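Have a look at the structure below, then the notes.
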Amino acid sequence: MDPVTITTPGPDVQNEAPTLHVSLSRVGVTGVEKIIRIDREGGQQLFSATLECFVDLGPKQKGAHMSRFEEVVNDAIGEVILGGSAFRAETLAERIAVIVRDRQDALRAEVTLKARYPEEKPAPVSGIPTQEIYTMLGSAVASEHGTRRLVGVTAQGMTACPCAQQLVAAKARERLGEEGFGEQDVERILEAVPVATHNQRGLGTLHLGFPEGDETEIDAMDLVAIVEDSMSSEIYELMKRSDEGTVVEKAHRRPRFVEDCVREAIRGVLDRYPDLPGEVFVSARQENLETIHQHNVVAERFGLLGELRQEIASGDHLPHHTSMREWMDGAGRR
């Protein structure tokens with residue numbers, strides 16, 4: 001008779017008491033790489049995605065069960081990959097957050113998903129097809145208050161500095177005057193010929209957040225269009241000379257500070273989605289990579305649509321802008 005092997009379960013160290021009874025705000029895993037199936041434009045596509053999963057940890061528990069994060073992600077991803085249906089990025093994040101919270105016996109679970117995906121678009125003049133890469137963002141929180149989800153994108157563009165352009169224009173006026181051109185002719189020349197300035201490559205990120213029960217679906221490419229239009233010009237991976245000239249001229253005829261880009265992104269959301277309720281969350285962030293400085297510049301605005309509409313209508317400076325963390329944890333709940 002073969003010997004019987006008895007396996008003794010190891011100690012559950014994670015459930016032991018910690019050395020200091022203090023709860024932790026976030027414990028989890030980052031850099032989880034998976035292939036996911038996303039529902040886009042009525043079809044289904046596979047994307048390479050990176051996920052982050054976090055839970056809060058109570059004061060009497062030494063550690064979270066880290067392997068359970070991977071188990072939940074694998075189960076949810078397997079259901080989507082092997083099953084017949086696909087989710088939107090933010091819906092998949094929401095599904096994972098709900099299961100993680102339950103399996104970790106946590107008060108709050110948070111999941112963030114980033115997926116890089118290609119879009120083909122024509123160059124502005126030649127029309128040659130060029131593949132552009134964007135980042136789709138999906139986030140969700142599951143807590144005792146319910147679930148909340150965020151959909152977002154990150155896109156690149158080009159900006160032209162208004163301040164330096166005005167400095168160059170002032171010098172041009174002075175030199176043209178010295179060459180005998182009258183004031184009206186000088187202004188006609190500067191109107192006809194784009195004035196030089198320094199440029200930045202811009203990185204714009206836009207999020208919209210929806211509370212539980214709101215089934216509004218947002219097309220990621222609509223958000224990309226808002227982000228790209230908020231900058232001085234779109235950029236393209238592949239261009240002919242005619243395309244390059246058009247892109248550069250467009251940017252120099254629409255000079256924008258980093259702050260302008262954020263405000264234009266907010267304007268784009270308000271114009272494109274006039275019927276969204278006031279408790280919907282919006283976050284616009286712009287980072288410009290400087291060319292004549294060694295630093296970069298950043299601007300952002302976050303808050304509820306109701307807050308933004310109120311500020312625009314009144315012109316008053318609101319003393320508080322609802323942050324993403326506040327909103328995810330239930331701020332603005334009716």
Side-chain angles (χ1 to χ4, degrees), residues 90 134-139 141 145 148-163 165-166 197 200 202-234 250-288 296-334:
E90 67 276 17
Y134 301 104
T135 301
M136 182 188 304
L137 307 170
S139 300
V141 162
H145 302 297
R148 291 196 160 186
R149 60 187 174 88
L150 284 163
V151 56
V153 297
T154 296
Q156 300 185 58
M158 173 183 177
T159 58
C161 177
C163 182
Q165 190 175 62
Q166 289 301 315
T197 186
Q200 304 94 4
L203 308 174
T205 300
L206 183 61
H207 282 97
L208 288 180
F210 299 91
E212 187 172 24
D214 190 325
E215 301 299 326
T216 302
E217 291 190 353
I218 300 294
D219 191 324
M221 286 310 297
D222 289 341
L223 298 184
V224 166
I226 292 172
V227 172
E228 290 185 329
D229 191 57
S230 72
M231 295 181 243
S232 297
S233 176
E234 307 88 346
K250 178 180 179 179
H252 285 73
R253 290 195 181 278
R254 300 205 318 172
R256 288 180 177 173
F257 288 126
V258 65
E259 299 93 336
D260 295 323
C261 297
V262 169
R263 289 186 170 112
E264 290 302 320
I266 294 295
R267 185 202 304 274
V269 170
L270 294 172
D271 289 347
R272 193 172 192 98
Y273 307 109
D275 299 326
L276 288 180
E279 62 267 23
V280 168
F281 176 81
V282 61
S283 171
R285 185 182 190 275
Q286 180 76 18
E287 180 177 8
N288 287 348
N296 297 332
V297 292
V298 176
E300 60 182 323
R301 174 59 201 262
F302 42 78
L304 305 181
L305 281 181
E307 295 172 352
L308 290 161
R309 290 169 179 152
Q310 176 186 344
E311 190 168 50
I312 292 170
S314 67
D316 296 332
H317 184 179
L318 292 183
H320 178 74
H321 303 165
T322 300
S323 69
M324 185 178 293
R325 175 68 190 237
E326 288 176 317
W327 182 83
M328 294 289 265
D329 284 342
R333 190 179 302 278
R334 290 188 296 183

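Just so you know, these numbers come straight off a predicted model, no measurement behind them.
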- Task: Could you walk me through whether Tyr134 and Met221 pass the side-chain contact (heavy atoms from CB on, under 4.5 Å) test, one step at a time?
- Result: CA-CA 9 Å; Tyr134 301 104; Met221 286 310 297; 4.2 Å; yes
Q.
For a side-chain contact (heavy atoms from CB on, under 4.5 Å) check, start with the C-alpha distance between Ile218 and Phe210, then their side-chain angles and the critical distance, and finish with the verdict.
A. CA-CA 10 Å; Ile218 300 294; Phe210 299 91; 3.6 Å; yes
| message | If you apply the rule side-chain contact (heavy atoms from CB on, under 4.5 Å), what do you find for Val269 with Leu305, and how did you get there? | response | CA-CA 9 Å; Val269 170; Leu305 281 181; 4.2 Å; yes
Margin query: Could you walk me through whether Val297 and Phe257 satisfy the side-chain contact (heavy atoms from CB on, under 4.5 Å) test, starting with their C-alpha distance in whole Å, then the side-chain angles of each, then the deciding distance to 0.1 Å, before giving a yes or no?
Written below: CA-CA 9 Å; Val297 292; Phe257 288 126; over 6 Å; no
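At distances below 3.5 Å, not a single donor-acceptor pair connects side-chain atoms of Trp327 with backbone N or O atoms of Pro211. Using modelled atom types, no side-chain atom of Gln165 and backbone atom of Thr197 make a donor-acceptor pair closer than 3.5 Å. Looking at Arg254, its side chain does come within 3.5 Å of a backbone N or O of Asp229 through a donor-acceptor pair. Side-chain atoms of Arg148 never come within 3.5 Å of backbone atoms of Gly209 as a donor-acceptor pair (strictly under, hydrogens ignored).
The only member of Val258, Val298, Thr154 that meets side chain to side chain contact (heavy atoms under 4.5 Å, CB included) when paired with Arg285 is Val298. The side chain to side chain contact (heavy atoms under 4.5 Å, CB included) with Val153 is formed by just one residue from the set Thr135, Leu137, Ile226, Val224; it is Val224.
Contact check on Arg325 versus Asp329 returns a salt bridge, with a Lys/Arg side-chain nitrogen under 4.0 Å from an Asp/Glu carboxylate oxygen.
Contact of the Asp214 side chain with the Pro277 side chain is registered, since non-hydrogen atoms from C-beta on lie closer than 4.5 Å. Contact check for Gln200 versus Asn296: no side-chain heavy atoms found under the 4.5 Å cut-off. Using a 4.5 Å cut-off on side-chain heavy atoms (C-beta onward), Lys250 and Met158 make no contact.
Summarising the geometry, atom OG belonging to Ser283 is positioned 12.0 Å from atom NE2 belonging to His321; distances are rounded to the nearest 0.5 Å. One finds the CE atom of Met328 at 5.5 Å from the OG atom of Ser139 (value rounded to the nearest 0.5 Å). If you take CZ on Arg267 and CD1 on Ile312, they are separated by 8.0 Å, rounding to the nearest 0.5 Å.
Heavy atoms from other residues, nucleotides or ligands lying under 6.0 Å from CZ of Arg301 number more than 12.
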